[in-house]
Amino acid sequence: MSDSEDDLPLAQRAVQIKTTASPVHRGSPVPLRMSEDTPDPSQAHTSVYIKTEEDSDDDMPLAMRSNNNAKRSATIKSESDEEDIPLSKKRKKLSLKKTKVKREDESGLATSKRSRAPSSSSDEEDAKPLSKRGKIKKEEKTKKTSKVKKEENEEEIYKWWEASSSGDKQQEQDETTKWMTLQHNGVLFPPDYEPHGVKMKYDGKPITLSPEAEEVASFFAALLESDHAKNPTFQKNFFRDWKDVLKKDPRNPKITSFEKCDFRPIWEKFEKDKEKKKQMTKEEKLRIKEERTKIEEPFIHAYVDGRKEKVGNFRIEPPGLFRGRGDHPKTGTLKQRVAPEQVTLNLSKDAKIPKPPKGHKWADVVNDQTATWLATWKENVNGTIKYVFLAQSSAWKGQSDMQKFDKARDLKKYVKQIRKDYTKELYDKEMAKRQRATAMYLIDRLALRAGNEKGDDEADTVGCCSLRYEHIQLEPPHTLHFDFLGKDSIRYQNSVQVETQVYKNIKLFKKQVGPGSMIFDRLTTTGLNKHLNSCMPGLSAKVFRTYNASHTFQQQLDKLTHKDDSLPDKMLSFNRANRDVAVLCNHQRSASKSHGQMMERLQDRTRALKYQRMKLRHTLFALEPSYKKKSPYNELESDMDDEWIANHETELIVKEREKARIKFEKQNEKLKSEGERPLPESHLKESLKLVDEMEARLIKERKKKGVIEIKGKATTERVLNNIEKMDQRIAAMKIQATDKEENKEIALGTSKMNYIDPRISFAWCQKYDVPVQKVFNKTLLEKFRWAQEVNAKWTF
DNA sequence: GCTACTACTTAGCACCGCCGTT
DNA sequence: AACGGCGGTGCTAAGTAGTAGC
């Protein structure tokens, strides 16, 4: 893909551009790039600001930036976006209507069509899929049979999105009731610790540890080669907690110095274990997997109002060292083993209560019909509450997902007025309102997170409301430079041209609070959300992010896709639109170490294909000279010079010789094993001679450019056909390369999963005849089942 | 009003298994 | 058959936001 569509007038470009390409890592200090009075020009000049109507563009988030392709971010404004889609207000009441659906699942895991309660279920039903699992190959062989079976296994999928409002009365109660009956088998605890007995060293000498101390030491040893083990905070917290554990058993040695600890022996043991695991035979691996599935089986599903649903995380989190991200003060702290006595279950009054592990009991068993969690416990490191929920594919998750996107879509209708209002309030004499308006501007235009306040015992990260003095630098006349650590300590760096009044406000607020303090000192997320709620029912700060993401995606997709594009081109457009959203939401990833290498290899492969195409063309000319003058056959390959061709051909020949030799050896080995006489050396010579001939031919062809011997049964038609196929392969590979390059520092997954209304994608697939599997993997298809049947005309 | 608690969504990391390559 | 790279998935941390309790 030559990127030559540099054709947009500057004035239409997105008003700002991401300034720094390098991704930033957790915990890296945020440098204060410049003082307010001496803006760093190298940072500033990257932004182009031209005051146009685009600035009043109601639709395009300012943050529609892109490091390498600002042109794509430019948007032509359309007030027309406003009028479309009469939003149906009717929120369908959910009912219990069931629809029979064939399961798409190919895995042979489909279960009996009887939808039974777990109390009556168990072994018989649960064992069935298990026994099948080990015989995947067999199943493939007997595909026909399995097809029949699949139909037998037709399963009821609750299509809640199709359920009519006048349905059952069962779910008519208030919206806070989430279920009438809830049954499940509780949670799965990690196995008890089994000591390995490997002695680590202290002060150079092997030491014997109590099992408990050994376990904790092993947690650390496992991370020895990771960044965590080198993090002083991590070391400190681990060592403190480990010493406590050591003290519990008087037989443990006295350990006082972290520096004298040598965890390497344990680390090496784990490495060996990994190696062993790799060496296991297929059968062994399969057996282990089967055992695992068997243990999991009872916990995989829950029953909500009689309907079978997948459970998400039924496993109780195992003990370990807390791996806080960024500069978390508690990182490395020992996360203790959770006992059943700490776990509360939530299920129906009349449901069978799952048995706690032997000798234990549950903390509590409740029947909270307003909650969707199945189990909960409190974790010791931060005192946060953990939950077991249903899986992403469940009705509960699907419903709230749909509601989320519908709400974001609702915002479309309100956004114009909201913008008008806050723009006015930017001038309000009441500072609290002015701050609120300014914050709303940032949340709306940059898709920032709300920014709740955080404690001292957490990593220092911020969002909009918690931005501090040093997080925004001003550059006259109205550029704001953002640089702060956001969620997960991901750095947000962005330079934005803003409304003059926003600039003035930030300047004023900063002056009022001074360094180290929060810029919006009169604003809290609660206050902001209260106000947002009064603007539109149910509105909160995060809705803007969803709205902006989905809206951007819809726009970019419409703009980039063309009816006649090839499938790879369409996919590139899709991914580009996706990418724009990821950039907007600052979903970064660090470029993999092998990225450059990967790109090189791709390029080499592309060239190899081009070379083949060239040869085909020459053949064509030999067959039908008139093509010599016809486009595109007469075009030269831009990135393939004589030198490259010579090198490539030499490589090809080398490979051919190698192949011939290997083939010869293989044949002989085979003959030997069959007790027959090996082929004579002359056989190999024969093959090599053919290669020599090929080499000579290539050299000759190279000299007499484009003149080629016609081989075998080449006909004009066939060659033309082959050339076309080659064209397609080359185009596809080039597109793939472009895609990969543009993706190297951006993670698409998060926006796809959480921010982009899947109905946009499904409608697009329909409209442009793209298989849905191209845009969603199996998991996402399941998660977004509710969106799948939208009309091709549907828009966000 | 404030803080603490609760419930749920959003997020990146690490590992695993598959698939194409050698 | 081994290898290695990559996408998918599991895991759980880290957010948002509403509510409960003072």
Side-chain angles (χ1 to χ4, degrees), chain A residues 23 25-26 176 178 190 222-223 226-228 274 277-279 282 285-286 289 296 312-318 320 322-326 328 330-331 335 344 346 368 370-373 376 378-379 381-392 396-397 400-401 403-404 443 449-455 458-459 461-466 485-490 524-530 532-533 538-546 549 582 585-590 592-595 597-598 601 605 655 658-659 662 740 747-755 776-780:
Chain A
H25 292 280
R26 289 95 269 253
T176 56
K178 303 284 173 49
L223 298 173
S226 73
D227 288 346
H228 295 295
K274 271 187 220 159
K277 209 175 155 196
K278 254 194 246 162
Q279 301 302 327
K282 271 224 171 80
K285 280 184 190 164
L286 206 68
K289 204 178 163 193
E296 287 174 351
N313 54 327
F314 47 81
R315 227 172 251 283
I316 294 284
E317 293 176 17
F322 172 68
R323 283 137 109 141
R325 309 204 177 130
H328 196 117
K330 293 193 174 180
T331 193
K335 191 166 88 169
T344 299
N346 188 26
D368 185 351
T370 69
T372 64
W373 53 266
T376 182
K378 198 173 191 173
E379 152 269 350
V381 178
N382 296 291
T384 61
I385 304 162
K386 303 277 188 166
Y387 299 91
V388 172
F389 290 116
L390 291 186
Q392 287 298 312
W396 279 341
K397 297 288 187 192
S400 61
D401 231 23
Q403 276 170 26
K404 172 183 76 184
I443 286 169
R449 295 189 184 84
N452 284 322
E453 276 188 71
K454 299 186 71 188
E458 299 173 273
T461 62
V462 296
C464 184
C465 294
S466 49
L485 297 183
K487 181 176 179 179
D488 291 307
S489 293
I490 295 291
T524 63
T525 50
T526 312
L528 175 68
N529 281 336
K530 264 201 187 117
L532 289 176
N533 201 270
L539 186 64
S540 66
K542 80 194 269 278
V543 181
F544 279 91
R545 237 167 114 79
T546 315
C585 295
N586 201 37
H587 292 140
Q588 296 183 5
R589 65 167 184 186
S590 38
S592 75
K593 288 156 257 156
S594 56
H595 175 81
Q597 213 187 342
M598 181 179 73
R601 240 183 308 125
R605 276 164 59 198
K655 273 185 202 152
E658 188 68 22
K659 251 199 252 167
I662 288 172
K740 287 222 160 117
L748 302 187
T750 304
S751 49
K752 200 186 221 176
M753 185 157 66
N754 299 307
Y755 287 106
F776 291 125
N777 62 30
K778 195 177 146 243
T779 323
L780 286 180

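Reminder, nothing fancy here: chain letters follow the sequence lines and each chain counts from 1. Both backbone and side-chain heavy atoms feed into the values below; hydrogens, waters and symmetry mates do not.
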Please state whether the phosphate of C:dA13, meaning OP1 or OP2, lies under 4.0 angstrom from any side-chain nitrogen or oxygen of A:Lys330. no

For A:Arg323 and A:Leu223: C-alpha separation, side-chain torsions, deciding distance, then whether side chain to side chain contact (heavy atoms under 4.5 Å, CB included) applies. CA-CA 10 Å; A:Arg323 283 137 109 141; A:Leu223 298 173; 3.2 Å; yes

Could you tell me how far apart A:Phe322 (CZ) and C:dC11 (P) are, to the nearest whole angstrom? 18 Å

Can you tell me the distance, in whole Å, between the CZ atom of A:Phe544 and the P atom of C:dA17? 11 Å

Distance alone, cut at 3.5 Å: any donor-acceptor contact between the side chains of A:Glu453 and A:Ser466? no

Rounded to whole angstroms, how far apart are CG on A:Leu780 and P on C:dG8? 9 Å

Would you find more than 12 non-hydrogen atoms of other residues, nucleotides or ligands less than 6.0 Å from A:Lys277 atom NZ? no

Atom OG1 of A:Thr525 and atom CG of A:Leu532: how far apart are they, to the nearest 0.5 Å? 10.5 Å

Spacing of A:Lys454 atom NZ relative to B:dT3 atom P, expressed in whole Å: 17 Å

Between A:Lys778 (NZ) and B:dC18 (C1'), how many Å, whole number? 14 Å

Could you tell me whether the phosphate oxygens of C:dG10, OP1 or OP2, come under 4.0 Å of any side-chain nitrogen or oxygen in A:Arg315? no

Angle between ring planes, A:Phe322 versus A:His328, binned at 30° and 60°: parallel, tilted or perpendicular? perpendicular

Roughly, in whole Å, what's the span from NE2 in A:His328 to P in B:dC13? 16 Å

Side chains of A:Leu780 and A:Met753, heavy atoms from C-beta outward: is any pair under 4.5 Å? yes

Given that A:Thr526 and A:Asn777 both sit by DNA chain C, which one's nearest nucleotide is further toward the 5' end? A:Asn777

For B:dC13, does either OP1 or OP2 sit under 4.0 Å from a side-chain N or O belonging to A:His228? no

Given protein heavy atoms under 4.0 Å, the one-letter contact record of nucleotides 5-10 of chain B, with B base, S sugar-phosphate only and - none, is simply -SBBBB

Closer than 4.0 Å, any side-chain N/O of A:Ser489 to the OP1 or OP2 of C:dA14? no

Atom CG of A:Asp227: over 12 foreign heavy atoms under 6.0 Å: no

Distance in angstrom units between A:Ile443 CD1 and C:dT16 C1', rounded: 11 Å

d(CG, A:Leu532; C1', C:dT16) in whole Å: 13 Å

At under 4.0 Å, does any side-chain N or O of A:Asn452 touch on OP1 or OP2 of C:dT16? yes

Using heavy-atom distances to pick each residue's nearest nucleotide on DNA chain C, tell me which of A:Asn529 and A:Glu379 is more 5'. A:Glu379

Does B:dC16 have its OP1 or OP2 closer than 4.0 Å to a side-chain nitrogen or oxygen of A:Lys285? no

C:dA17 OP1/OP2 closer than 4.0 Å to side-chain N/O of A:Ser540: yes

